[in-house]
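In what follows, a structure is listed as structure tokens, so that the remarks can point back to it.
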Amino acid sequence: MPALKTAPLVGRIPRQCHARPLTGYFPAVNVTVSIAMEYKDTLNLPRTDFAMKADLITREPARLQKWEAAKLYQQIQTARASAPKFVLHDGPPFANGDVHVGTALNKTLKDIVIKYKTIRGFSAPYIPGWDCHGLPIEFKVSQEMRKAGDTNADAATIRRACDAYARKYIDLQRTQFKRLGVLGDWENPYLTLNKEYEADELRMFADIVAKGFVYRGKKPVYWSIPCRTALAEAEVEYADHVSQSCFVKFPVVGQPKTFIVIWTTTPWTLPANLAVAYNKDFQYVTATVGDENYIVFRGLLPAVAQKCGWAAYTETPFPTEQLASIEYQHPFCHRTGKAFAAEFVTSDTGTGFVHIAPGHGTDDYNLGRANGLPIYSPVNDDGALAHTNDLPVEQQMPAELLGKSILAKHGKSEANEAVLHELRVRHALLHQENYHHSYPHCWRSKTPVIFRAMDQWFIKIDHDQFREQAVAEIDRVNWIPDWGVNRIKGAVQSRPDWCISRQRTWGVPIPAFYDAQGEAILDAQIVRNVADIIEQHGSNVWFEKSAAELWALVKPANWTGAEATAKSSDTLDVWIDSGSSSRAVIARRPEIRGKDKAFQADVYLEGSDQHRGWFQSSLLLSLAGNGAAPYKTVLTHGFMVDADREKISKSKQGGYEKPQTAEAYVNKWGADVVRLWVASQDYRNDIVVSEERINKVGETYRAIRNALRYQLSNLYDFDPAKHTVADDKLTGLDRWILGEFAKLEAEVIAAYDAYEFHVVYQKLSQFIAVELSSVYHDVIKDRLYTDAANSARRRSTQTALHRLVTGLCQMLSPILAFTADEAWEFIPGKPTGSVHESELKQSTFTLDPDEIGKWQWLKLWRERLLPELEKARQTKTIGKALDAKIEIVIPQAQNQDSDKDMLRELLNVSALKMSVGETVSHSIAKADGQKCERCWHWETDIGQNAEHPTLCGRCIEAVLQFKA
RNA sequence: GGUGGCGUAGCUCAGCGGUUAGAGCGUGCUCUUUAUAAGGGCGGGGUCGUGGGUUCAAAUCCCACCGCCACUACCA
């Protein structure tokens, strides 16, 4: 119960009373200052310990401690044990670094959903997770070990260090997430490094292996040179890049001085050139320049001529069908190549001929395969040019090129330079220029990736109509916003086979073996056996034991295949880790297990980049391994962007001056302001991060807080059990606000249900500013303060206030997790200890149609008369509204005295006269009579009581009751 | 290049075929000192991205374009 600030003492003279000569304010009344203050003490002025100043920075951590001590999350779960279930499954953030604002946005949105579902009576458990494996951690750890002088650590040792590193950041991030007010089972999160998780992931993998999805193949994959590993689609991002593009002459065999002209942006792939592609629908021409003939696509000849500086040339048609039999000499290798028709050859850039290196591009690979070319990729793991076994050595690149590094340093790539030099000395280079375009980069090292063919494990997307099934499954899911469906469909429809092997140590091992011939052995039963031993010992067992030991442990009893002589050292793509959570978490944890389908959650909620990331990997794995999508609804949000609308990326290079950690924002504004800011903007678009915007949200926060404070402060003597007034006995004004409030509640609930939190924010803040602050709260001051404390009218208004503050706290609580709970504690007779345990049931309060009509009439008059009062104020006829009396003339007496009183109250004037006349009119004048010392109304009945000569009749009654 | 999203007052958002386009915040002026490091009132502020079209009527539907953003694509 809130402590009373001051006891209402009659007769006691407060200290401050001499601060101002009050006599001037009470004209025609001969009183002393001390008596004036005495009457003030008979007013029911607001009292509360709910502070005006939020002081979130200190108050929020204290409340957090309180929640933890009370085990609030567990209490809520227990209380909702038998309630209908709502499961939001957490996408695991990466266990590295501080919590970024973008991650904070995501977690806050999830928490708003969970808290809303909980307050609507659902059982909505939240099990947070972390993604623990992967390159960034391995990088950091290897770096630290190198600094410490340890350069020769074995895989198991590195992995133990990675484990410790991940756990350290899980602890750090857990603290930061909690600080945001996110409630959940923080003591039992799911971690992709847990051995139970790894085991379930491998069992899922085993199912997919058993169904024939997994194969080993040699095809071009994204390769990150610094990371020395293959990458998946989800691990590349696009960035501007300057390529050293060039136009190159390929001499045609048997036709001296005649060349096919190709254009490439990657000169380093020329040593891998095995063919040239053309488009059979194009018209080609021979351009003669001096004594040389160049074959190009006719439509591009002018552009090529301009670039290559051909001042004058003649043009003769070259029959396209002859291209099929043409043979050309590689410009610097001792081999020849052929031309093949291909549809992907376009007419907008280049020459109409595409240089084909089957080991370095998807189109090239497919064309090469179709025409029996070797998948030749003369690049080693270091990203340097090298010979391979695919071609006779004498046909491969000259020795000068060997060892040249492809990776650009200071804008120059050794390999490109060397190839260009080779072309120049052989007079094969027609033109060279920088070409600006966006190019895929490694998401971790930020360097351009290369396409490189090598032996990898893949999941076959077109296995057994799987791609079509996936697309069909996508249509069964509810995507919010609905354009998300196009995103993921596009991603699935166009994606190549999934390269799932990584040449790294910090990950779940691919439990494959090799026989003496080097043939890979991947068997579902073996994978399951490995899962079992990993569940016991953790995945390090794979790295600690020898191939022979492992083989003995996991070889199936009825094995008839080849004997293993070596084990795989590859690990699984981390997207397999997090993508397996439907099996390893949803189906595993009883509190979130699905009813119809054990592995299926109600909602996934992540940033829109996850359409090609977690949404996709989860869908593909769950569909392949479980038979259906792991979610019913997928909610997507945009990103945090700065004032210039640039994405604030976690891994952005260059960095920001200001730290973009959640902590920085929370420490400056408090979690509730951050949460309110998140809620305030339409998260389906990007969320703009700027001081200006957060500060504005801070203003709204203060308005909300003040409204709650005003309501609480006027309930200090209200006991709902004793004083609640029945609906039909409430005054018209109170019924009106409750009617408005019921409408608001319906709108807010609808907005929450549609996950449109910015609408919740708008509706709530506007209701507080318009209906409450400028109308209701302003009008009820008079009756709350001056009526007798226990009068029916005052209790009626308190009944309304009590309902308002209760409902407001509940509607606000998903967003203002701390403040709503803080205010809740001050509500007399609150139904539960914390607002987060309470249940928001939709109100059934409605106004009668004639009441609604009456209020329309009243509001119309209020709108009409307020500007008139302002005019009177400006001419100094009155100061405040109470100094005025108003007369209005209406056509017919459709309203009774009570309506007249209501209008007077709504306008806060001392007197209102209503009369019937021909035309509508109104007039404003200074009020008659004298100003009552206590309530400041101007009344004509002042001075009728000898004991209280300065009071009006109403106040005399109140004061007499007060004394009694 | 392709696909998608967005573009309404300084800011955040409503409105999504029908009266002079709304709200809050901010801003200017002002009242109040009984929510007081609070509260009230009044005012200013918008070619609803641009240009066409459909319609009696368009911010709202259609088309084109412009701008911003995201995704996508080895432009070889």
Side-chain angles (χ1 to χ4, degrees), chain A residues 20 25 40 43-46 48 52-53 220 222 233 236-238 243 245 262-266 269 273 276-277 342 344-346 348-351 353-357 360-365 435 437-440 448-451 481 483-484 486-487 490-491 494 608-609 611-612 638-639 641 644-647 677 680-682 684-686 688 690 692-693 695-697 699-700 702-703 706-707 709-714 758-759 761-770 773-775 777-779 781-782 784-786 866-867 869-871 873-874 878-883 908 934-936:
Chain A
R20 185 178 303 201
Y25 277 83
K40 181 173 177 177
L43 294 170
N44 314 301
L45 291 182
T48 182
M52 178 180 288
K53 189 171 183 315
Y222 292 113
E233 281 68 39
V236 301
E237 56 190 30
Y238 288 82
S243 292
S245 77
I262 63 100
W263 177 67
T264 181
T265 57
T266 49
T269 61
N273 173 276
V276 161
F344 59 78
V345 179
T346 55
D348 49 353
T349 45
T351 63
F353 288 109
V354 174
H355 134 67
I356 297 297
H360 291 297
T362 305
D363 287 338
D364 308 48
Y365 170 81
Y435 186 75
H437 59 146
S438 106
Y439 188 84
V449 298
I450 62 171
F451 259 73
W483 48 259
N486 297 329
R487 267 289 182 75
S494 65
S608 62
D609 56 338
H611 281 113
R612 64 167 186 167
F639 299 98
V641 296
D644 301 324
R645 296 207 165 257
E646 290 287 322
K647 185 168 144 187
W677 163 54
S680 74
Q681 297 187 60
D682 187 345
R684 293 168 296 193
N685 303 320
D686 291 337
V688 178
S690 73
E692 188 200 8
R693 294 195 196 195
N695 284 333
K696 280 184 175 153
V697 169
E699 295 287 327
T700 307
R702 285 169 54 206
N706 257 314
R709 180 168 185 267
Y710 175 82
Q711 297 182 334
L712 292 171
S713 68
N714 282 298
H758 64 287
V759 175
Y761 169 88
Q762 296 273 340
K763 298 271 182 206
L764 281 171
S765 59
Q766 287 181 26
F767 181 82
I768 284 166
V770 182
S773 202
S774 84
V775 184
H777 285 177
D778 200 41
V779 168
K781 278 192 256 185
D782 184 57
L784 285 171
Y785 300 169
T786 64
L866 281 178
L869 282 169
E870 179 63 23
K871 278 183 201 159
R873 198 175 289 126
Q874 260 155 30
I878 58 164
K880 56 178 173 179
L882 267 183
D883 298 341
N908 245 317
R934 184 170 172 275
C935 70
W936 298 349

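Fair warning: this is a prediction, and the values are worked out from it, not measured in the lab. By convention in this document, chain letters (A, B, ...) are assigned in the order of the sequence lines, proteins followed by strands, and residues within each chain are numbered from 1.
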P-based separation of B:A73 from B:C68 [nearest Å]: 23 Å
Atom-to-atom span, CD of A:Gln681 to P of B:C69 - whole angstrom: 17 Å
Carboxylate-amine/guanidinium contact A:Lys781 A:Asp778, below 4.0 Å: yes
C1' atoms of B:G46 and B:A59, separation to the nearest Å: 11 Å
Phosphate OP1/OP2 of B:G41 contacted by A:Ser774 side-chain N/O (<4.0 Å): yes
B:C74 base / A:Asp364 side chain donor-acceptor hit below 3.5 Å: yes
Between B:A37 (C1') and A:Glu699 (CD): distance, integer Å: 12 Å
Sugar-phosphate only, base, or nothing, as touched by A:Asn706 at under 4.0 Å among non-hydrogen atoms: base
Residue pair A:Val354 / A:Phe344, side-chain heavy-atom distance below 4.5 Å: yes
Salt-bridge present (A:Glu699, A:Lys696; N to O < 4.0 Å): no
Closest to side chain of A:Gln762, choosing from B:A23, B:C25, B:C74: B:A23
Phosphate OP1/OP2 of B:A38: any A:Arg702 side-chain N/O under 4.0 Å: yes
Nearest-nucleotide comparison on RNA chain B, the residue closer to the 5′ end among A:Ala357 and A:Val759: A:Val759
P-based separation of B:G5 from B:C65 [nearest Å]: 15 Å
B:A14 versus B:U8 - spacing of their C1' atoms, nearest Å: 10 Å
Sugar-phosphate, base or nothing in reach of A:Val449, heavy atoms under 4.0 Å: nothing
Validation row: A:His758, A:Ser680 side chains within 4.5 angstrom (heavy atoms): no
Residue-phosphate contact under 4.0 Å: A:Arg612 side-chain N/O, B:U72 OP1/OP2: yes
A:Lys696 side chain, from C-beta outward: closest of B:U34, B:A70, B:G26: B:G26
Whole-Å gap separating C1' (B:U34) and NZ (A:Lys40): 6 Å
Any donor-acceptor N/O pair, A:Arg873 side chain to A:Ile878 backbone, under 3.5 Å: no
Interatomic distance where OH belongs to A:Tyr785 and P belongs to B:G39 [whole Å]: 12 Å
A:Arg873, nearest nucleotide to its side chain (from B:G26, B:A35, B:G40): B:G40
Which nucleotide in B:U33, B:C25, B:G4 has an atom nearest any side-chain atom of A:Lys880: B:U33
Sugar-phosphate, base or nothing in reach of A:Gly879, heavy atoms under 4.0 Å: sugar-phosphate
Any donor-acceptor N/O pair, A:Ser773 side chain to A:Val770 backbone, under 3.5 Å: no
Where RNA chain B forms stems, i.e. three or more consecutive Watson-Crick or G-U pairs with both distances under 3.5 Å: B:1-7 with B:66-72, B:10-13 with B:22-25, B:27-31 with B:39-43, B:49-53 with B:61-65
Pairwise C1' distance for B:G39 and B:G17, with rounding to whole Å: 41 Å
Gap in Å between the two P atoms, one belonging to B:U50 and one to B:C11, rounded: 16 Å
Protein-nucleotide distance (A:His758, atom NE2; B:C25, atom C1'), rounded to Å: 16 Å
Of the listed nucleotides B:C74, B:G41, B:A23, the one nearest the side chain of A:Asp363: B:C74
Earlier contact from the 5' end, RNA chain B, for A:His777 and A:Thr264: A:His777
Nearest-angstrom distance, P atom, B:C25 to B:G43: 15 Å
Side-chain N or O of A:Arg684 closer than 4.0 Å to phosphate OP1/OP2 of B:A70: no
Backbone N/O of A:Ser245 and side chain of A:Ser243: donor-acceptor pair under 3.5 Å: no
Protein-nucleotide distance (A:Glu870, atom CD; B:G43, atom P), rounded to Å: 8 Å
Between B:A37 (P) and A:Lys53 (NZ): distance, integer Å: 12 Å
A:His360 ring center within less than 6.0 Å of A:Phe451 ring center: no
Sugar-phosphate, base or nothing in reach of A:Thr362, heavy atoms under 4.0 Å: base
Selected nucleotide, minimal atom distance to A:Asp682 side chain, candidates B:G39, B:A14, B:C74: B:A14
Donor/acceptor link under 3.5 angstrom from A:Gln766 side chain onto base of B:G24: no
Contact under 4.0 Å: A:Lys781 side-chain N or O vs B:G39 OP1/OP2: no
Touch class at under 4.0 angstrom, heavy-atom based, for A:Tyr761 against every strand present: nothing
Donor-acceptor contact below 3.5 Å, side chain A:Asn714 vs main chain A:Tyr710: yes
Expected output: side-chain A:Asp364 to main-chain A:Ala357 donor-acceptor under 3.5 Å: yes
Side-chain-base donor-acceptor pair under 3.5 Å for A:Tyr435 and B:C75: yes
Distance, P atom - from B:A21 to B:C48, rounded to whole angstrom: 10 Å
Residue-phosphate contact under 4.0 Å: A:Ser773 side-chain N/O, B:G40 OP1/OP2: yes
Between B:C42 (C1') and A:Lys871 (NZ): distance, integer Å: 11 Å
Sub-6.0 Å ring centroid separation between A:Tyr785 and A:Trp936: no
